[in-house]
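In what follows, every chain begins at residue 1, and chains take the letters A, B, ... in the order their sequences are listed.
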Amino acid sequence: MEKQSDLLLDIQHLHTAYRLNGKFYDAADDINLTLKRNEILSIVGESGCGKSTIASSIIGLYDHKNTKVTGDILYNELNLVGLNESLFDKIRGNKIGMIFQDPLASLNPLMRVGDQVAETLYYHTDMDEKERHARVIELFNQVGMPKPEETYAMYPFELSGGLRQRVVIAMAVACKPEIIIADEPTTALDVTIQAQILDLLEDIQKQSQSGIILITHDLGVVAETADEVAVMYGGQIVEKADVKTIFEHPLHPYTRSLLNSMPQSEDEEEDLHVIQGTVPSLQNMPRKGDRFAARIPWIPASAHEENPVMHEVEPGHWVRCTCWKTFHFQDEVSGE
Amino acid sequence: MLKKNKTTSTEKAKKVQVSPPASSFRVVVREVVKDKKALTAFIVIVLILLLTFGGSLFLKSDKVTEANIIEAYTGWFTDGHILGTDDGGRDVLNLLIMGGRNSILIGLGVTAVCETVGLIVGLVSGYYGGYIDAVIMRIVDFVQVLPATPIEIVLVTVIPHYSPVTLVWIISIFGWTGTARYFRAFVLSQRGRDYVLASKTSGSSDLKIMFREVLPNIGSMLIIDVVLTIAGNIGIETSLSFIGYGLPPTVPSLGTLIGFANDPVNVVNRPWLWLPATILLLAISLSINYVGRALQRAGDARQRES
Amino acid sequence: MAKEIIEVKNLKVHYPIRSGFWNRITDYVRAVDDISITINEGETYGLIGESGSGKSTTGKAIVGVEPVTSGSIMYKGVDITKSKSRHRLNYNKDVQMIFQDSLSSLNPRKRIEDIIAEPIRNFENLTTDQERDRVQELLDIVGMPSDSIYKYPHEFSGGQRQRIGVARAVATNPRLVVADEPTSALDLSVQAQVLNFMKHIQQQYNIAYLFISHDLGVVKHMSENLAIMHRGRLVEIGSREDIYQHPMHIYTKRLLSAIPQVDVEHRDEHKKHRQEVEQEFQNDQSKWYDKDGRVFPLKHVSDNHLVALPEKEIIEEETNDKEGA
Amino acid sequence: MWKTVLRRVLIMIPQLIILSILVFFLAKMMPGDPFTGQINPNTDPKQLEALKRAAGLYDPAPVQYARWVGNIFKGDLGTSYIQHVPVTSLIADRALNTFWLSLLTTIISYSISIPLGVIAGKHQDEWQDQAVQIFNYVTFAIPAFVFYILGIWLFCFLLGWFPISGSVSPNASGFWGTLGSQLYHIIFPAILSAVITTTGIVQYLRTGIVDNKVEDYVRTAHSKGVPENVVFNKHILRNSLLPIASSFGTVITGLLSGSMIIETVFSYPGMGKLFLDSIQQRDYTTLTALILIFGFLTLLGNLLSDIIMSIVDPRIRIK
């Protein structure tokens, strides 16, 4: 049994809807997730599946006029949904750190990078200016910045992509947050830099005992770093399990299709698996029945649940809908 | 057999509903109709054009500007002069119609010259880049730092055989640079786009790429710029005429009429001289600009969509 | 042996760096610095590198849209680095390009028909009907419905647009297509579709690809021979097996070890290995790069496996390793 | 940074040379010469010819140009044809008047436009923004002189709040009295021309704020827990004010060319009015000098803009 205090974040029935042409559409639809201490939870899916929506809902950064968030995001008994902004500002950057995809865009181009990191400390600690400076240098050392002192006074445009992302990470972890949300932190970077940044994230997590939510579309990154994995399609979580199960015994047709379309198979001469059709837009997403059904038309409608829900097929392994039981790839049929 | 199949599929395709990205002209129509205020502004423009261009068909320019001292400074609605007469006994309504037409014509003329020159210079400069661009931009920079109004005034006074056409050229000397800069910036951003590269690898010549590939993308920007520039150029001409160095004295202009307001006596006692012209110019400027703004909003919205 | 289609020799593309008070040219960015590769008929040649390695510049130089500083690109015995000779040969009828950003590479104001027909109109004399049939045929090949010809790029999804880009690239039956990161902007499942079409077309029309990418997984899937670029130079050339099974240059090893593996069971070993290679890369900079940080010239280690090796000892050491393995 | 500034100053030299050549030829195109109106009309034409020759009027153009430039460096801009006094002294007190008017206009203009731009940007698409947009549209669309005429008609004639002409009342006495009268004369034209010059600044600032608001770095600042109003002031506003800072020079330039109209409407004895008076009186030496000064000040304004930009923008400063 896990201790209660190990639970950092408990997301229950989260719905995040965006207003489009006057109507609200759920971009994140009934999300249930938990994040524990010392855990890397990866949310994976293709573009437009709603993974970033979850991140912005947790940290409360969305256009309040055109977004409707319902459900509960519990952090230590505190519900982050609908939390008063000034209270939220005490949590953001302090208890929850955030890392974004594009390190150049996420840094203020006209501010010295050291000052940008120090700004976090200013709002969450009692340090004076000298202490903040010292702490930033310490952080720069920790994230592997080659020349911390010189870097402090530099502007973002003077740094390389990898170094910029290190600044962003330093900023996110400055106050030793319990939760770190990394939204596609390595997508804009080269593979060699990506590896270093992922290692850095793991190191930081080990030191600080925090929980990390890693949002990515890259299955390889997931396989290398995640502990728990949630696979998303069309705003819903379709499969959730520990990383080994997801890659070794995937059940949901979408998870299986995705893994099959990776060009990493040993047999280079064969065609890659193609998922039929396209992801429907937010407005055209079917709100009833299995959302993935349209892309596996050879599976009879009777195989899908009318209102697919998550089933715990094995302890800790959750799959939406029951269609996985009869699912097979098209060529497997013709092979029979 | 194969051939037949192809044609049928083509025919079938023809029937399919197509929604092209709205052409520049369609944007104009659609936006103006959709926005009621812009529609009003547009109707005002049409009415003014009818009044000035239509009205001047019935007027002879030498009659209009003929002095008749005896009838000088007749007030409103007297002796058949609806808007009274000026210091030379000329009918102000006639002057207003002719002046309005002239001011608009000058505005159109300057816009035609400036947009053409600006567009070509902007295209060439932005597309070729490098040294060509550097040299052209130095010239543009220089023309832009010249004190335009004083030089215009001096040119107006020193050029022999001065006519409205001369004025168009004089104003145009300084007017093309803004347009050139505007289009250059846009072309520069398009040049880096892969479709230009794709055209190059498809064997299209530079000239073809500039005019057939890049230019169509400028379309709506050009319309917006033209509309706003017309308003601005009417302003420049009337300003010059207002201080007495625009259209020649024998050619009526709204600016000249408004210039009567430079005399305090006229301001207080003879409002018919300058007030109608002021209102007409105000109506022209406000309505053209409103339509221009509406188009700009439409253009911005479309840019966000794509 | 396959016939070679294009031979790049000592290609250099340098950009001047201006600095100092007078804005004089003080140095050059060596975007492409003395590289030589040979692409054979009908093969897929992979060109791998990280951002800023010069791989895209190389591709553009081969298509003829990037001015070359020095070196030659031989096609049909003619050096096509001069625009005159490209013109005379109708070079771009035979050598075409697929771009990374499908939206940016299709003119938003042109219909699909006009987009695909552009190279046909420039290089072939077809009647309107013949041209339309050809466009329909091309759309058919890339699996697009026939009513697409009347539509505009914005009406399609990223994957569909990329297939239109492929259709345009093969419109004039080219012999070589330079594909510059053709799928890196696409989702995984859509990427699979585009890659499949590219392979099918290759088999059908015997087209050679220069496949430029930073994604070693994709390149492995697509190409028989490949070259690795770093800092504007080639560090290693070889067959797929040479590179992926027996990498010799430290940079190649580093790149390979950095690819995330879908092998959860062994991820700790993989991580350890990657960090060891990274350590070695950091420590042995001076061994693998000259004093200016430049990659050494390539040397043959076997018939078509070339590595930028510095000194004799390393070659021996490495070849011993290889034999031992 | 100093290198950038110095290079920028050096770029001005060829511009100045071309400008002076241009003005020189413009002056040559003008009819009349320094002896027009100065000499007794009964003077023997031959004697006049000799005088002209002695004054170098028949020298080749380059020689005349060189002499002209040489004189400028000596502070000699020629003698007025009409007033028979050195042009420099003629311009001096007029220039001071224009300077005060421009200074006041600039101050008022920025103190109107910056708050308006901030309000519009902060409340994007709300009623505050729409109100500012209407204001902005009107000030952009109306030709300046129409605006002045309507203003003077309404506030000076109908309401009688401000004087309609001059720079100081002849009855004003004492230091404070004179100053007060000057301010009274200057304030209304300054307000009018300030209002009409706000358009650009308001629009730039609004667009800057609207664009910066959705930038990723603003989201980052929020995610650090920086309070909303601090994010606005420290990140959004500061970054949006940057291009505004550099507009300073061009605003001055705009005021110069606008001075002609505002000074005409208010019969204000400044440089613009002097220019128009000179052209009416065919006082070509004064005209030439004024164009040269206008041109020089415009160049200076642009230089100022570039220098301010290179100081405030680190991307230009560090290089």
Side-chain angles (χ1 to χ4, degrees), chain A residues 44-49 160-162 186-196 198-199 202 216-227 229 233 242-248 254 257-279 281 295, chain C residues 44 48-53 143 156-160 183-197 199-200 203 213-224 230 240-241 244 251 254-268 270-271 274-275 277-278 281:
Chain A
V44 67
E46 294 184 291
S47 50
C49 68
S160 70
T186 58
T187 306
L189 305 173
D190 279 323
V191 273
T192 50
I193 310 291
Q194 161 170 293
Q196 292 164 17
L198 291 176
D199 286 354
E202 281 185 70
T216 181
H217 68 276
D218 190 333
L219 290 167
V221 169
V222 177
E224 293 264 14
T225 42
D227 299 316
V229 182
Y233 180 80
D242 64 278
V243 65
K244 236 173 145 174
T245 311
I246 285 287
F247 285 95
E248 282 162 19
Y254 179 62
S257 308
L258 214 51
L259 282 167
N260 251 19
S261 56
M262 281 188 84
Q264 274 209 338
S265 60
E266 288 309 303
D267 197 356
E268 277 88 12
E269 296 310 315
E270 226 172 63
D271 269 0
L272 294 166
H273 176 71
V274 172
I275 306 178
Q276 283 192 13
T278 50
V279 184
S281 68
R295 304 186 67 181
Chain C
T44 302
I48 302 165
E50 295 188 291
S51 53
S53 61
F156 297 96
S157 70
Q160 290 173 318
T183 60
S184 56
L186 303 175
D187 268 328
L188 198 52
S189 58
V190 183
Q191 161 176 297
Q193 209 173 24
V194 173
L195 291 181
N196 286 350
F197 275 118
K199 272 206 162 180
H200 293 168
Q203 282 150 14
S213 180
H214 68 274
D215 187 328
L216 288 99
V218 173
V219 176
K220 189 180 180 188
H221 175 77
M222 294 297 286
S223 20
E224 293 101 62
H230 188 216
R240 177 164 52 203
E241 206 199 279
Y244 286 89
Y251 181 73
R254 178 184 184 227
L255 209 55
L256 284 170
S257 71
I259 318 170
Q261 301 285 326
V262 196
D263 182 5
V264 183
E265 196 75 50
H266 302 104
R267 75 179 188 188
D268 290 337
H270 179 227
K271 182 176 173 183
R274 165 161 55 77
Q275 284 172 340
V277 173
E278 180 66 28
F281 175 78

Region of A:V222 that comes under 4.5 Å of a non-hydrogen atom in chain C = backbone

Does a side-chain heavy-atom distance below 4.5 Å link A:P263 with C:Q191?
-> yes

How many angstroms lie between atom CG of A:N260 and atom OG of C:S189, to the nearest 0.5 angstrom?
-> 12.0 Å

Distance (rounded to the nearest 0.5 Å) between A:M262 CE and C:L188 CG = 6.0 Å

Listed by chain and number, what are the ring pair (Phe, Tyr, Trp, His ring centres under 6.0 Å) partners of A:H273, not counting sequence neighbours?
-> A:F329

Student check: side-chain heavy atoms of C:R267 and A:T225 closer than 4.5 Å = no

Check: A:D190 side chain, C:E50 main-chain N or O, donor-acceptor pair, under 3.5 Å = no

Taking C:N196 for the side chain and A:L272 for the main chain, is one N or O donor matched with an acceptor at less than 3.5 Å?
-> yes

Whatever's closer than 4.5 Å to a heavy atom in chain A on C:R254 counts as both

Count the heavy-atom pairs under 4.5 Å between each of C:V190, C:L216, C:D187, C:V264 and chain A, then report the option with the highest count.
-> C:D187

By salt bridge (charged side-chain N to carboxylate O under 4.0 Å, His left out) - contacts of C:E265 (at least two apart) = A:K244

Pick one of side chain, backbone, both or neither for A:L198, based on which atoms fall under 4.5 Å of a heavy atom in chain C.
-> neither

To the nearest 0.5 Å, how far apart are CG in C:L256 and OG1 in A:T192?
-> 12.0 Å

Quick one: closest heavy-atom pair of A:G220 and C:P260, and the distance?
-> C-CB, 3.2 Å

Closest heavy-atom contact between A:E224 and C:I259?
-> OE2-O, 3.8 Å

Portion of C:L195 that has a non-hydrogen atom of chain A nearer than 4.5 angstrom = side chain

Which of C:K271, C:E278, C:H214 touches chain A most, by non-hydrogen pairs under 4.5 Å = C:K271

Ranked by heavy-atom pairs below 4.5 Å to chain A, first place among C:Q193, C:Q275, C:R274, C:H266 goes to C:R274

For the residue pair A:T278 and C:S157, what are the closest heavy atoms and their distance?
-> CG2-OG, 4.3 Å

